[in-house]
Amino acid sequence: MKKVRVRFAPSPTGGLHLGGIRTVLYNYLFARQHNGDFVLRIEDTDQSRYVPGAEEYIFDCLKWCGLEPDESPLHEGGYGPYRQSERKELYKKYAEQLVKDGFAYYAFDTPEELEVMRHNFKTGTNPSPQYDHNIRMKMRNSLTLTDDEVRKLVNENTKHVIRIKMLEGETVILKDMIRGEIHFDTGIVDDKVLLKADGMPTYHLAVVVDDYLMKITHAFRGEEWLPSAPVHLLLWKYLGWEKDMPEWAHLPLILGPNGKLSKRDALKYGFPVFAMNWIDPKTGELIEGFREKGFLPEAFINFLALLGWNDGTEQEIFTKEELKQKFLMERVHSGGAKFDYEKAKWFNHEWIKKSEVRSLRFEVSSILKNKGINVTDENHLDKIIALVKDRCTLLTDFYDQSYFFFNAPEQYDLNAVKPKWTGGKKRFFESFIEEIKAIDIWESAFIEDGFKKLAMMQDIKAGELQLPFRVMLVGGKFGPPVFDIAAVLGKQETIQRIQKALTAFD
RNA sequence: GGCCCGUUCGUCUAAGGGCUAGGACACCACCCUUUCACGGUGGUGAUACGAGUUCGAAUCUCGUACGGGCUACCA
């Protein structure tokens with residue numbers, strides 16, 4: 001049996017968005033499930049749109065998600081090079097072969113001539129005429145020119161492309177793992193350019209040649225490729241490689257509020273669409289990524305996997321290991337799924353709650369550090385994380401939920417305290433300071449016990465004292481249970497904060 | 001316009017001819033908690049429409065409507 005090999009082929013022209021990463025994810029899961037290879041190939045043949053640094057960015061994203069490929073420009077396997085620009089000659093060879101075998105032809109039409117053609121043939125019922133069997137005999141190509149003319153043009157280095165010659169009246173059948181059989185009439189597909197005038201291949205040629213040469217067994221890509229699938233199928237056939245053709249699966253699209261999810265949606269609706277921060281090279285705009293927004297990679301992978309797939313049970317929280325075991329391409333939906341940021345946040349919340357304290361240490365301390373809080377005592381930090389993690393939806397929430405452990409309040413929510421503040425309550429806290437000094441075991445339950453006993457002795461409801469106590473410790477009506485806060489703060493700090501607040505309350 | 005794909009609560013989805021169409025997010029109410037959350041209990045809410053096949057249709061077939069994608073020397 002053939003070893004499973006899947007590939008992902010990003011183009012370094014933009015950020016890696018949700019749909020792209022989900023495609024990587026499904027590729028990755030499938031490969032790992034079958035002990036196969038996961039190959040990353042870079043589609044950089046469109047030099048005009050190439051963004052320097054985008055390749056590194058893609059690798060960083062994959063690393064953060066834990067979806068690193070076995071073979072790529074960075075981890076060479078036996079089928080390199082892995083950048084299409086470095087395989088230029090290869091594609092040319094096969095394109096020429098197709099011409100020789102009569103499956104493709106040279107076309108000398110200039111962009112301007114194509115423009116004229118589209119304009120002239122445009123009608124009410126056909127707003128976008130294609131370069132197809134209907135009009136190719138009206139254009140300048142090796143089918144309409146004589147052999148001598150063609151030879152002359154080629155020898156003079158006239159700019160030309162190679163186009164596939166799509167037949168008329170044939171039916172191509174695509175077998176898709178998700179969608180079943182799809183029938184296409186070859187006559188309705190245009191004569192796609194295979195090799196561009198600059199000698200670079202288009203996606204159509206490259207994907208077929210690379211998949212063959214790299215021995216790819218399964219090709220998973222987005223649904224937007226479905227309409228050009230017949231071209232690829234025919235190419236496999238024309239090149240004589242039909243028996244090696246991979247199995248196909250066209251993944252449903254991830255939709256935004258209106259249509260295919262785009263970076264516009266990110267800007268407009270304020271949710272991330274990229275794994276990591278991405279700076280638009282054209283506008284210089286920063287588009288925030290899931291990582292920077294405060295997502296755990298485990299949560300990110302989890303909700304992405306569930307956007308278009310489920311295992312048939314009611315389980316929603318999956319580890320990568322579980323996904324690897326349970327993922328089934330046949331259970332991927334055929335309909336597109338709208339991205340719901342609220343649900344994505346819920347997944348993150350679940351993952352933060354589920355995470356061990358020690359696995360959050362690094363992220364939390366760097367978030368605090370960014371806000372100017374340097375954590376020195378790891379033990380102290382662990383206690384804080386344990387206390388507040390259930391209240392954090394995003395990692396960045398850790399700052400709002402815990403800054404008061406590191407800095408005594410400068411201001412107090414006096415409106416919450418003043419109206420009910422009495423001399424009796426003031427005396428209570430003065431004596432509570434003494435009570436605290438006598439507490440041997442500084443733990444939440446003992447502090448609470450001492451607090452309540454003292455309140456009872458002074459004939460004040462303990463409940464009425466808790467809010468002032470809270471405001472004394474953190475400055476306002478927020479935070480975890482107040483005695484837990486005191487316990488984490490420590491005896492000395494608690495006393496100091498009460499004293500400081502007592503003067504502020506007068 | 002043509003071609004292709006799709007359509008179950010607002011959103012993600014389960015149910016592959018047979019209980020009252022199930023779960024999750026969001027929303028609402030109550031409980032817990034003298035902060036805010038977490039948590040718990042409950043609630044509102046869906047098979048796009050029309051035919052056909054069948055004892056029986058969300059499920060199969062056809063049509064319509066709607067949504068999406070493609071229609072580049074971009075991927």
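Predicted model only: the values in this text are computed from it and were never measured. Residue numbers begin at 1 in each chain, while the letters A, B, ... track the order of the sequences.
In this structure, the ring of A:F295 has its center no less than 6.0 angstrom from the ring center of A:H349. Between A:F274 and A:F290, the distance from one ring center to the other does not fall under 6.0 angstrom. Separation of the A:F271 and A:F339 ring centroids falls under the 6.0 Å cut-off. A:F432 and A:F469 have their aromatic ring centers within a separation under 6.0 angstrom. Taking the six-membered ring wherever Trp is involved, the centroid distance between the rings of A:W346 and A:F303 does not fall below 6.0 Å.
You'll find that the side chain of A:W346 is closest to B:rA24, out of B:rC5, B:rA24, B:rC73. With B:rU35, B:rU71, B:rG69 as the candidates, the nucleotide lying closest to the side chain of A:E224 is B:rG69. Closest contact between the side chain of A:K260 and the listed nucleotides B:rG1, B:rG69, B:rU11 involves B:rG69. Comparing B:rC73, B:rU35, B:rG1 against the side chain of A:T125 picks out B:rG1 as the nearest. In the set B:rG1, B:rC73, B:rC12, B:rG1 carries the atom at the smallest distance from any side-chain atom of A:N126. Closest contact between the side chain of A:E314 and the listed nucleotides B:rA72, B:rG23, B:rC74 involves B:rG23. Residue A:D340 places its side chain closer to B:rG10 than to any other of B:rU35, B:rC73, B:rG10. Relative to the side chain of A:N310, the nucleotides B:rU13, B:rG69, B:rG39 differ in distance, and B:rU13 lies closest. Closest contact between the side chain of A:R331 and the listed nucleotides B:rA14, B:rC70, B:rG23 involves B:rA14. When the nucleotides B:rC5, B:rG1, B:rC74 are ranked by their closest atom to the side chain of A:R179, B:rC5 comes out on top.
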### Stepwise ring pair (Phe, Tyr, Trp, His ring centres under 6.0 Å) test for A:Y212 and A:Y94
CA-CA 12 Å; A:Y212 172 72; A:Y94 289 110; 7.3 Å; no
### Message
ring pair (Phe, Tyr, Trp, His ring centres under 6.0 Å), that's the test. Do A:F220 and A:Y26 meet it? Break it down for me.
### Response
CA-CA 8 Å; A:F220 309 140; A:Y26 287 178; 8.5 Å; no
#### Entry: CA sep, side-chain torsions, deciding dist, call: A:F428, A:F451, ring pair (Phe, Tyr, Trp, His ring centres under 6.0 Å)
CA-CA 9 Å; A:F428 168 84; A:F451 187 92; 5.1 Å; yes
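Counting non-hydrogen atoms under 4.0 angstrom, A:S128 reaches a base of the nucleic acid. Counting any heavy atom pair closer than 4.0 Å across all strands shown, A:A197 reaches a base atom. Counting non-hydrogen atoms under 4.0 angstrom, A:L465 reaches nothing in the nucleic acid. Looking at heavy-atom distances under 4.0 Å, A:T45 makes contact with sugar-phosphate atoms alone, never a base. Residue contacts shown for A:P480 include a base, since a base heavy atom lies under 4.0 Å away. Within the nucleic acid shown, A:Q401 has no heavy atom closer than 4.0 Å to any nucleic acid atom. The residue A:G335 sits close only to the backbone: its heavy atoms come under 4.0 Å of sugar-phosphate atoms, none of a base. Across all strands shown, A:V161 has heavy atoms under 4.0 Å from base atoms, whether or not it also approaches the sugar-phosphate. Among the heavy atoms of the strands lying under 4.0 Å from A:G308 are primed sugar atoms or P, OP1, OP2 only; no base atom is included.
An OP1 or OP2 oxygen of B:rG68 is reached within less than 4.0 angstrom by no side-chain nitrogen or oxygen of A:K338. Look at A:H250 and you won't find any side-chain N or O under 4.0 angstrom from OP1 or OP2 of B:rG69. Taking side-chain N and O atoms only, A:K353 has a distance below 4.0 Å to OP1 or OP2 of B:rG39.
Counting heavy atoms of neighbouring residues, nucleotides and ligands inside a 6.0 Å radius, atom NE2 of A:H183 exceeds 12 of them.
Across the C1' atoms, B:rC38 and B:rU20 are found 33 Å apart, a figure rounded to whole Å. Using atom P as the reference point in both B:rC30 and B:rG52, the two lie 49 Å apart (nearest Å). Comparing the C1' positions of B:rC73 and B:rG69 gives a spacing of 22 Å, expressed to the nearest Å. Remark: the separation of the P atoms in B:rU44 and B:rC70 is 41 Å, to the nearest Å. The separation of B:rG63 from B:rG18, taken at their P atoms, amounts to 25 Å, rounded to a whole angstrom. Taking atom P in both B:rA48 and B:rU8, one finds a spacing of 6 Å when rounded to whole Å. Nucleotides B:rC5 and B:rU61, compared at atom P, are 13 Å apart to the nearest Å. The same atom, P, is picked in B:rC19 and in B:rC12; the two are 25 Å apart, to the nearest Å.
If you measure from atom CG of A:L18 to atom C1' of B:rC12, you get 13 Å, rounded to the nearest angstrom. Following rounding to the nearest Å, A:R221 (CZ) and B:rC5 (C1') show an atom-to-atom distance of 14 Å. One interatomic measurement links the two molecules: CH2 of A:W225 to P of B:rU71, which rounds to 8 Å at whole-angstrom precision. A:L226 has its CG atom 12 Å from the C1' atom of B:rG68, to the nearest Å. In this structure, CD1 of A:I164 is placed 14 Å from P of B:rC73, rounded to the nearest angstrom. Remark: P of B:rA37 and NE2 of A:H349 are 12 Å apart, rounded to the nearest angstrom. In this structure, the CG atom of A:D484 is 13 Å from the C1' atom of B:rU33, given to the nearest Å. Rounded to a whole Å, the CD1 atom of A:I178 is 17 Å from the C1' atom of B:rG16.
B:rG67 is paired with B:rC5 under the criterion used here, namely a Watson-Crick or G-U wobble arrangement in which both key atom distances are under 3.5 Å. Nucleotide B:rG56 is matched to nothing when pairs are restricted to Watson-Crick or G-U wobble geometry with both distances under 3.5 angstrom. A 3.5 Å limit on both hydrogen-bonding distances identifies B:rU11 as the Watson-Crick or G-U partner of B:rA24. Partner assigned to B:rA29 is B:rU41, using Watson-Crick or G-U wobble distances below 3.5 angstrom. Using Watson-Crick or G-U wobble geometry with both donor-acceptor distances under 3.5 Å, B:rC73 finds no partner in any strand shown. Both distances falling under 3.5 Å, in either a Watson-Crick or a G-U wobble arrangement, place B:rG50 opposite B:rC62.
Comparing A:L306 and A:P481 by the nucleotide of RNA chain B whose heavy atom lies nearest to each, the residue mapping closer to the 5' end is A:L306. For A:C392 and A:D109, each mapped to the nucleotide of RNA chain B holding its nearest heavy atom, the one lying further toward the 5' end belongs to A:C392.
B:rC38 takes the syn form, because its glycosidic angle lies no more than 90° either side of 0.
At a cut-off of 3.5 angstrom, counting only N and O atoms as typed in the model, there is no donor on one side facing an acceptor on the other between the side-chain of A:K343 and the base of B:rA26.
When only modelled atom types and interatomic distance are considered, A:R179 and A:H250 share no side-chain donor-acceptor pair under 3.5 Å.
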